[in-house]
Amino acid sequence: NLKIVIIDEAHFIKNRTKKRTKAVQALCKNIPNILALTGTPIVNRPVEMFNAINLVSPSIFPNFFRFASRYCNATRSRFGWDFNGSSNTEELHEKLTSTIMLRRLKQDVLKDLPAKVRSIILMELTNRKEYQSAESDFIGFLKSIDSAKATAAENAEQLVKIEGLKQLSLKGKTEAIMDWIDNFLESEEKLILFCTHTSAIEMLMKKYNSIAVKIDGSVSMENRQKAVDEFQNNSEIKLFIGNIKAAVVGITLTASSNVAFLELGWTPGEMQQAEDRCHRIGQSESVNIYCLIAENTIEEKIANLLDKKQRVLDAVLDGKDSDEESLISELINKYREGK
């Protein structure tokens with residue numbers, strides 16, 4: 001005779017096909033009251049909200065396709081329906097806030113929490129010729145594709161090439177990254193570093209092993225907490241090195257007020273969650289967020305697109321006007337146009 005289910009971190013049920021989502025839906029069946037809690041209701045695009053909305057109040061949007069058609073800029077291609085866009089964001093915001101969504105921003109409820117201060121650090125590549133050669137070939141590859149005849153395999157190859165440019169960017173700015181970290185450590189303050197590639201984490205741990213802890217997919221849950229405790233309580237541990245995917249939920253890193261992204265994630269939601277490991281209750285200092293970006297590379301394009309996607313999240317959640325296209329597809333289009 002359960003009467004209520006509370007779903008914490010509700011954005012984890014965004015994918016309708018995943019076992020976790022299906023398990024939560026089964027658990028909530030015939031329960032009269034559902035609460036969905038999350039600090040990031042949308043990690044990337046409006047379609048991700050539907051499952052949580054539908055569990056809390058199925059009557060608001062009883063039909064997924066109608067929801068997707070109205071608010072996700074649904075488009076049909078030879079591969080089926082694409083719901084990765086956004087449309088009518090102001091209407092969606094008004095409908096949610098007038099029915100089931102209670103949204104409280106940190107500045108509203110934690111008035112003593114210091115602000116975030118963001119800085120972009122542009123870094124020169126040491127492998128510029130190698131990068132430009134790869135990028136030139138990539139643009140040529142994309143321009144040679146007849147979009148009307150493009151296949152899923154060709155799209156996959158494009159993503160491989162994007163990943164290759166990301167890795168070349170990391171390789172070319174490695175020396176500058178190390179110099180920046182060394183200079184920062186002279187301040188005697190602690191620093192949180194986020195990466196996406198295992199190679200980057202291994203590189204950092206190799207150099208800073210005596211003063212660093214890490215959390216990535218290889219670290220057990222027990223050892224993750226040990227790493228957090230070491231960073232929080234041991235004055236000799238100056239660096240926390242985390243994978244953006246593995247180290248953004250359920251940990252507190254308020255021993256530092258400095259966060260550096262050595263690589264960017266693919267969604268604004270995961271970037272915000274990473275920042276908020278130290279921007280939370282217990283933080284007494286302004287949080288400085290540094291993005292170390294390789295100049296004139298794919299990383300600049302990713303940063304710009306993440307900013308555009310953040311504006312879409314703001315439009316739906318906070319009623320701000322915006323428009324959005326899939327980050328991956330827009331990135332590919334930019335390269336196809338040679339920009």
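FYI, side chains are in, hydrogens and waters are out, and symmetry mates aren't considered; it's all heavy atoms of this structure. Since this is a predicted model, take the numbers as computed values, not measurements.
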(Q) Do S220 and N223 have side chains that approach each other closer than 4.5 Å (heavy atoms only, starting at C-beta)? (A) yes
Q) Which heavy atom of P41 sits nearest a heavy atom of H11, and at what distance? A) O-CB, 4.3 Å
Q: Give the intermediate values and the outcome of side-chain contact (heavy atoms from CB on, under 4.5 Å) for residues E300 and L122.
A: CA-CA 9 Å; E300 284 193 11; L122 293 178; 3.9 Å; yes
Q) So, does R45 use its side chain to make a donor-acceptor pair with the main chain of N84 at under 3.5 Å? A) yes
(Q) Could you work out, with side-chain hydrogen bond (donor to acceptor under 3.5 Å, both in side chains) as the rule, every residue matching R70, not counting sequence neighbours? (A) E91
Q) Is there side-chain contact between N243 and I215, with at least one heavy-atom pair below 4.5 Å? A) no
Q: Over all heavy atoms of both residues, which pair between A227 and V213 is shortest? Give the atoms and the distance, please.
A: O-CG2, 3.5 Å
Q.
Can you tell whether the side chains of K226 and E230 come within less than 4.0 Å, N to carboxylate O?
A. no
Q: To the nearest 0.5 Å, tell me how far L37 CG sits from L35 CG.
A: 6.0 Å
Q | Interatomic spacing from NZ in K238 to OG in S256 - rounded to 0.5 Å | A | 10.5 Å
Q. Does the S136 side chain pair with the main chain of Q132, one donor and one acceptor, at a distance under 3.5 Å?
A. no
Q) Going by side-chain heavy atoms closer than 4.5 Å, which hydrophobic residues are tied to Y208, directly or by a chain of links? A) I121, M123, L170, I177, M178, W180, I181, F184, L185, L191, L193, I201, M203, L204, M205, I211, L239, I241, L262, Y290, L292
Q. So which heavy atom on E263 is nearest to which on A200, and how close?
A. OE1-CB, 3.6 Å
**Q.** Heavy atoms of other groups near L2 CG, more than 12 under 6.0 Å
**A.** no
Q) Are I298 and Y131 side-chain neighbours, meaning at least one heavy-atom pair lies under 4.5 Å? A) yes
Q.
Once salt bridge (Lys or Arg N to Asp or Glu O under 4.0 Å) is applied, what residue pairs with a partner in residues 6-18 remain, sequence neighbours excluded?
A. K14-E48
Q. Is it true that a side-chain atom of K129 and a backbone atom of T126 form a donor plus acceptor pair closer than 3.5 Å?
A. no
Q | Identified side chain to side chain donor-acceptor pair (under 3.5 Å) counterpart of H197 within the set K166, E202, E163 | A | E163
Q | Approximate separation, where rounding is to 0.5 Å, of M49 CE and I13 CD1 | A | 11.0 Å
Q.
Test your reading of the model: is there a side-chain donor-acceptor pair from S86 to the backbone of C72, 3.5 Å cut-off?
A. no
Q) What is the minimum heavy-atom distance between A36 and V56, and which atoms define it? A) CB-CG2, 3.9 Å
**Q.** Side chain proximity check, N51 to F12, heavy atoms < 4.5 angstrom
**A.** no
(Q) Any donor-acceptor pair under 3.5 Å linking the side-chain atoms of Q225 with those of D229? (A) yes
(Q) Taking ring pair (Phe, Tyr, Trp, His ring centres under 6.0 Å) as the criterion, tell me which of F65, F64, F61 meets it with Y71. (A) F61
Q) So, does T196 use its side chain to make a donor-acceptor pair with the main chain of G265 at under 3.5 Å? A) no
Q.
If we ignore hydrogens and angles and just use 3.5 Å, is the side chain of R277 paired with the main-chain N or O of V259 as donor and acceptor?
A. no
Q: With rounding to the nearest 0.5 Å, note down the distance linking CD1 in I289 to CD1 in I120.
A: 10.0 Å
Q: Look up atom CZ in F194 and atom CD1 in I244, then write down how far apart they are to the nearest 0.5 Å.
A: 7.5 Å
(Q) For N288 and S119: C-alpha separation, side-chain torsions, deciding distance, then whether side-chain contact (heavy atoms from CB on, under 4.5 Å) applies. (A) CA-CA 8 Å; N288 298 300; S119 301; over 6 Å; no
Q) Is the ring centre of F50 less than 6.0 Å from the ring centre of F83? A) no
Q) Checking side-chain contact (heavy atoms from CB on, under 4.5 Å) for the pair L96/R103: CA distance, chi angles, key distance, verdict? A) CA-CA 10 Å; L96 291 174; R103 180 157 166 83; over 6 Å; no
Q) Do the non-hydrogen side-chain atoms of I7 and C28 ever get within less than 4.5 Å of each other? A) yes
Q: Decide yes or no for S57 and T99: does some side-chain heavy atom of the first lie under 4.5 Å from some side-chain heavy atom of the second?
A: no
Q) Is the backbone N or O of T198 less than 3.5 Å from a side-chain atom of D216, with the two atoms forming a donor-acceptor pair by type? A) no
(Q) Determine whether a donor-acceptor pair (N or O, by modelled atom type, separation under 3.5 Å) exists between the side chain of N33 and the backbone of K3. (A) yes
(Q) Let me check something: do V219 and I237 share a hydrophobic cluster, defined by ILVMFWY side-chain heavy atoms less than 4.5 Å apart, either directly or through other members? (A) no
Q: Please identify each residue that fulfils salt bridge (charged side-chain N to carboxylate O under 4.0 Å, His left out) with D182, with sequence neighbours left out.
A: K207
Q. Judged by atom type as modelled, is there a donor-acceptor pair below 3.5 Å linking the side chain of T252 to the main-chain atoms of T254?
A. no
Q) Can you name the closest pair of heavy atoms from E236 and N234 and give their distance? A) N-OD1, 2.9 Å
**Q.** Student check: side-chain heavy atoms of S199 and Q167 closer than 4.5 Å
**A.** no
(Q) Checking K171 now: which residues fulfil side-chain hydrogen bond (donor to acceptor under 3.5 Å, both in side chains) with it, not counting sequence neighbours? (A) E130
Q) Which value, rounded to the nearest 0.5 Å, describes the distance between R224 atom CZ and S218 atom OG? A) 8.5 Å
Q: Starting from M221, walk the hydrophobic network (Ile, Leu, Val, Met, Phe, Trp, Tyr; side-chain heavy atoms closer than 4.5 Å) and list everyone else you reach, by chain and number.
A: none
Q: Indicate yes or no: at least one non-hydrogen side-chain atom of W266 is less than 4.5 angstrom from one of I302.
A: yes
